[in-house]
Amino acid sequence: MKGAASKTLAIVWKDITSEMRTKEVATSLVAFALLIIVVVSFTLEPGENNGSLAASILWVALTFAGVLGLSRSFIIEKDKGCLQGLMLCPVDRSILYLGKMLSIMIFMIVVEIIILPVFIVLLDQSGFPPQLPVIALLATIGFAAVGTLFSAMAVNTRAREVMMPLLFLPIASPVIIAAIKSTGLVLSGESWGAIASWLGVMAAFDVIFLTVSPLVFEFVIEE
Amino acid sequence: MRKQEHMQSLKQNARIINGLLGLTFVTMIAAQFLIFVYVPTEQTMGVAQRIFYFHVPLGWNAFLAFAVVFVCSILYLLRRDKKWDRLARSSAEIGLIFTTLVLIAGTIWDKPAWGTWWTWDPRLTTTLILWFIYLAYHLVSVYATEESQGARYAAVVGIIGFLDVPIVALAIVLWPTQHPSPIIFEGGLTGSMMLTLMVSIVAFTLLYASLLILRTSLRHDADEIKKLKQYMDERN
């Protein structure tokens, strides 16, 4: 068991090291998410300040940035032939999945740490609700759980840039809905009790797909 | 000798398929008669309510089709028998078409019944997301770079997609609803309506089975031809 953890961390560490050297993914994702917030905000009337509308804008931005980041994760591996190297590693395929999933999750969390405060300021919300990090974490786990699987799949298809969102968005829709609704509620000043059922939906999604995805992952990357 | 046996089994298969097609045809005609002539017009919703007898059987069969996809996908990944892949993909195609028809029939019915073509109501939204999931299923198998890869990817999406449906439903049920809850099993239908619905469900289920068999055997033939072509290429 201890061996499995260190193998997983080795894969995570490999991704973090290569990201630290280029800083490609995090920079482009933050810029992309911010741009979406700005572009979608054009639809707002001046002075219009609505919690649920702001929540939709935030999650549209984070979802699209997530799709972009998730597809990058395996495009990098594929283009430089690293996927073969990874598959030759003497580790179980589910460890490979967990490693890639965790590194994707860490990148997305870094992006969110930057985006969330900026979002609060740009859309002029009254304060930073303490529930927001929890919502973001649960949603990010769900995104990464199915996203890793579909990213590995999309990278091997002919229309890979299109395939990723086509696969990811409908499957991840429960998480997107729950994240938008609960963020809207906490931005309007609701307490933990009001968002409990939404958090439950995200938790259920996370648990189900964290269990199933590693099992089917080996069928996805098999050559 | 073997060739003769093969022909014999082909003939037998053809007889079963023709029998099923005939039965589907007769039941479908009977269902149309019941829907348009026999069953009385519903009081509050008027003639548009007759769409119900198409809407429910189509929806039921779409779900059946996706359940078949789910089971066949698991079997394919475990056994690696092309047979399950052919069944799963054919069933998904029919399910996608049926879901499209459910959505179209639903919007036509919505306009007179609720006054809108579309609302973001739980069932409508779930059905639309279901449609997108199986569209992605179809596309991923088409866009895969090789045959066996497409089969594996499709199977994975078939499993993940089906598991996703209850969660989508759960997420959306937390919204307020407009779609009626099923009144069918609570005695909300009169005898003649119940009969019409039942015959219509049987007719559409037979239609699903016929289409599934035809589509699967077409895929089987396509695979055989591909094999023959490969064999010829190797010989030349």
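Numbered from 1 within each chain, the chains take letters A, B, ... in sequence-line order. Note that the coordinates shown come from a computational prediction; the quantities given were computed from them, not determined experimentally.
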Subject >> Contacting moiety of A/Leu169, where chain B heavy atoms sit under 4.5 Å >> reply: neither
Original post:
Taking side chain as C-beta onward, heavy atoms only, is B/Arg80 less than 4.5 Å from A/Phe219?
Top reply: yes
Original post:
Roughly how far apart are A/Leu167 CG and B/Leu135 CG, rounded to 0.5 Å?
Top reply: 10.0 Å
Original post:
Any chance CZ of A/Arg158 has more than 12 other-residue heavy atoms, nucleotides or ligands included, within less than 6.0 Å?
Top reply: yes
Original post:
Are B/Tyr153 and A/Thr157 side-chain neighbours, meaning at least one heavy-atom pair lies under 4.5 Å?
Top reply: yes
Subject >> Any donor-acceptor N/O pair, B/Arg152 side chain to A/Ile221 backbone, under 3.5 Å >> reply: no
**OP:** Return yes when atom CZ of B/Phe63 has more than 12 non-hydrogen atoms of other residues, nucleotides or ligands closer than 6.0 Å, and no otherwise.
**Re:** no
Original post:
If you count heavy-atom pairs under 4.5 Å between each of A/Met202, A/Arg160, A/Met163 and chain B, which one has the most?
Top reply: A/Met163
Subject >> Option passing side-chain contact (heavy atoms from CB on, under 4.5 Å) with A/Ser173 (candidates B/Thr126, B/Ile167, B/Thr125, B/Ile129) >> reply: B/Ile129
Original post:
Side chain, backbone, both or neither: which part of A/Leu166 has an atom under 4.5 Å from a heavy atom of chain B?
Top reply: both
**OP:** Identify which of A/Ala154, A/Ala204, A/Gly200, A/Ser197 forms the greatest number of heavy-atom pairs closer than 4.5 Å to chain B.
**Re:** A/Ser197
Original post:
By a 4.5 Å heavy-atom criterion (distance strictly below it), what part of A/Val212 contacts chain B: side chain, backbone, both, or neither?
Top reply: side chain
Subject >> Heavy-atom proximity to chain B below 4.5 Å, by part of A/Met153 >> reply: both
Subject >> Contacting moiety of A/Phe209, where chain B heavy atoms sit under 4.5 Å >> reply: side chain
Original post:
So, B/Thr145 side chain and A/Asn156 main chain: donor-acceptor pair closer than 3.5 Å or not?
Top reply: yes
Subject >> Within 6.0 angstrom of A/Phe32 CZ, more than 12 heavy atoms from elsewhere >> reply: yes
**OP:** Could you tell me which non-hydrogen atom of B/Ile160 sits nearest to which non-hydrogen atom of A/Ser213, and how far apart they are?
**Re:** CD1-OG, 4.4 Å
Original post:
When heavy-atom pairs shorter than 4.5 Å are enumerated against chain B, which of A/Val201, A/Val216, A/Ile171 gives the highest number?
Top reply: A/Ile171
Original post:
How far does CD1 of A/Ile208 sit from CG of B/Leu163, to the nearest 0.5 angstrom?
Top reply: 7.0 Å
**OP:** Report yes if some heavy atom in the side chain of B/Asp164 is under 4.5 Å from a heavy atom in the side chain of A/Phe205; otherwise report no.
**Re:** yes
